Number of protein chains: 2
Amino acid sequence: MTVITSPEVERTPVTGRERILVAAATRFAELGYTETSLRLIAADLEMKAGSLYYHFASKDDLILEVLHRGIGLMMEAFTTVELASEATSDEADERERLAAHVSAHLRVLHDNFAFTSLHVARFRTAPPSAREALVPVRDAYEAKWTQLLRTILPRQSDEEIGVLRLVLFGAMNSSIEWFHPERGGLDAFAEIITDQFWYGAAFAEVSPSRVG
Amino acid sequence: MTVITSPEVERTPVTGRERILVAAATRFAELGYTETSLRLIAADLEMKAGSLYYHFASKDDLILEVLHRGIGLMMEAFTTVELASEATSDEADERERLAAHVSAHLRVLHDNFAFTSLHVARFRTAPPSAREALVPVRDAYEAKWTQLLRTILPRQSDEEIGVLRLVLFGAMNSSIEWFHPERGGLDAFAEIITDQFWYGAAFAEVSPSRVG
DNA sequence: GTCTATAAACGGATAGAC
DNA sequence: GTCTATCCGTTTATAGAC
């Protein structure tokens, strides 16, 4: 008989600290920072609130580490696509380059919902100290997108690029409120977002081959 | 000598109840529901927390009335544009129709920030009871937009229309996090949003006259 | 590493004086 | 209509036993 193991589940032993971090992130994503009490996080792990302080100095420390991992994952996803597109062709099709980044952003967003959703939907619920610490890291991620858009839309002014980046972020990030990737179709969804952004709402009527 | 009065400020005497409502809405918009204590709202009005209970039965009552006014204002703005476009021409240009609605939505959003921003950015911070009460009203507003998009994009499937509405909402509503209308330029901003949604990101290269 | 117990502060809400 | 005073629950965080 063969032992059935899920290939998707990492079998690395989850340390106490990591277990707490995941439980906290999950509740923060669900309820927001203030609404999530340490008692609730502890209860999810069948522990008592006081025990958490052996692993983390404070609730602020918890959210700070969750936020850092979240933006770290997003940055990682971006640079992975960046390196891959440099490797394949020196001057790839611009729409395809955008599509790859949109897909990667949506993928990392939804696959690590607990760690990333706070950034795009509940950042203001985090305490000011945590927000301030994260701003430089978030700025770096946003700057990468701004640079990407500048490259693939060379005729737009810097002001327009800035607005377009925020519009694209608004479209992509609002999806965490309603898109459920467990039903599948994240790739198709990424295509719709990309086509809408690139060709406009009437993209179904304006065939890509005609425009490109 | 003439008495200078600001034409923009309603000189209607603000009743105690209305003063409290505005102060509460302002703080809810700034800090979210949970982070805003009744003691803080009262302090803003140089009152004591207990006094608020003469005007409102509970904190839930306060947020409920704020949310109702917010969605009411948005609904009002939509129907105003709807009636106006019916009056002017029987089959107005579709992009222009969309532009008018986008402009109205952004206008009402930013001009009544305290009452509307909770809907588009902090709805999840409201208590479940208030959220449930508001869902039908919000659904009605969203249905109006869905119907509008269905009319001006007749070739898109219902599924695509649904995604496009959410994408448009994401783009418009995320603006409350970063767009500051007091610096002016809301009309120009509405044009960028509309053009991006309609013609795509390269709208500056694809001139409207060429596409229309 | 986890527990119990508790400190210290803050929240919404009520009662009754003025 | 607004105040003071207070009740009562909840929260983060700490101290010390095991």
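Just so it is clear: chains get the letters A, B, ... in the order the sequence lines come, proteins before strands, and each one is counted from 1. Computed from a prediction, not measured in an experiment: that's the story for all the values here.
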Answer yes or no: is there a donor N or O on one side and an acceptor on the other, between the side chain of A:Arg97 and the main chain of A:Ser85, under 3.5 Å?
no
Atom-to-atom span, CD of A:Glu46 to P of C:dC3 - whole angstrom
10 Å
Side chain of B:Ser51: nearest nucleotide among D:dT12, D:dT2, C:dG12?
D:dT2
Which residues in residues 52-64 of chain B have a heavy atom closer than 4.0 Å to any atom of DNA chain C?
B:Tyr53, B:Ser58, B:Lys59
Can you list, by residue number, the residues of residues 19-26 of chain B that have a non-hydrogen atom closer than 4.0 angstrom to DNA chain C?
none
Backbone of B:Leu67 reached by a side-chain donor or acceptor of B:His119 within 3.5 Å:
yes
Assess whether a salt bridge exists between B:Lys59 and B:Glu65, defined as any Lys/Arg side-chain N lying under 4.0 Å from an Asp/Glu carboxylate O.
no
Secondary-structure notation, DNA chain D, from Watson-Crick and G-U pairs under 3.5 angstrom (| other strand)
|||||||.||||||||||
Identify whether the distance between the nearest side-chain nitrogen and carboxylate oxygen of B:Arg150 and B:Glu160 falls below 4.0 Å.
no
In residues 127-137 of chain A, what donor-acceptor pairs under 3.5 Å come from side-chain atoms, sequence neighbours left out?
| from | atom 1 | to | atom 2 | distance (Å) |
| --- | --- | --- | --- | --- |
| A:Ser129 | OG | A:Asp60 | OD2 | 2.8 |
| A:Arg131 | NH1 | A:Arg124 | O | 3.2 |
| A:Arg131 | NH1 | A:Ala126 | O | 2.8 |

Just the rounded figure in Å: distance from P of C:dA8 to CG of A:Leu38.
19 Å
For a quick test of reading the model, state the closest non-hydrogen atom pair linking A:Phe28 to A:Ile63 and the distance between them.
CD1-CD1, 3.5 Å
Could you check whether A:Ser175 and A:His110, counting side-chain N and O atoms only, form a donor-acceptor pair closer than 3.5 Å?
yes
Of A:Lys48 and B:Ala49, whose closest DNA chain C nucleotide lies nearer the 5' terminus?
A:Lys48
Where B:Ala24 and B:Leu62 come nearest, the two heavy atoms and their spacing
CB-CD2, 3.8 Å
Centroid separation A:Phe189 to A:Trp178 less than 6.0 Å:
yes
Along DNA chain D (nearest heavy atom to each residue), the more 5'-positioned of B:Arg39 and B:Gly16:
B:Gly16
Side-chain donor-acceptor contacts of residues 36-43 of chain A below 3.5 Å, not counting sequence neighbours, with atom names and distances?
| from | atom 1 | to | atom 2 | distance (Å) |
| --- | --- | --- | --- | --- |
| A:Thr36 | OG1 | A:Arg27 | O | 3.2 |
| A:Thr36 | OG1 | A:Gly32 | O | 2.7 |
| A:Ser37 | OG | A:Leu40 | N | 3.2 |

When the side chains of residues 100-107 of chain A are checked against the rest of the protein, which donor-acceptor pairs come out under 3.5 Å, sequence neighbours left out?
| from | atom 1 | to | atom 2 | distance (Å) |
| --- | --- | --- | --- | --- |
| A:His105 | ND1 | A:Tyr141 | OH | 2.7 |
| A:His105 | NE2 | A:Asn173 | OD1 | 2.8 |
| A:Arg107 | NH2 | A:Asp187 | OD1 | 3.3 |

Integer-rounded Å distance: C:dA13 C1' and B:Ile41 CD1:
14 Å
Closest to the B:Met47 side chain, choosing from C:dG12, D:dT2, D:dT12
D:dT2
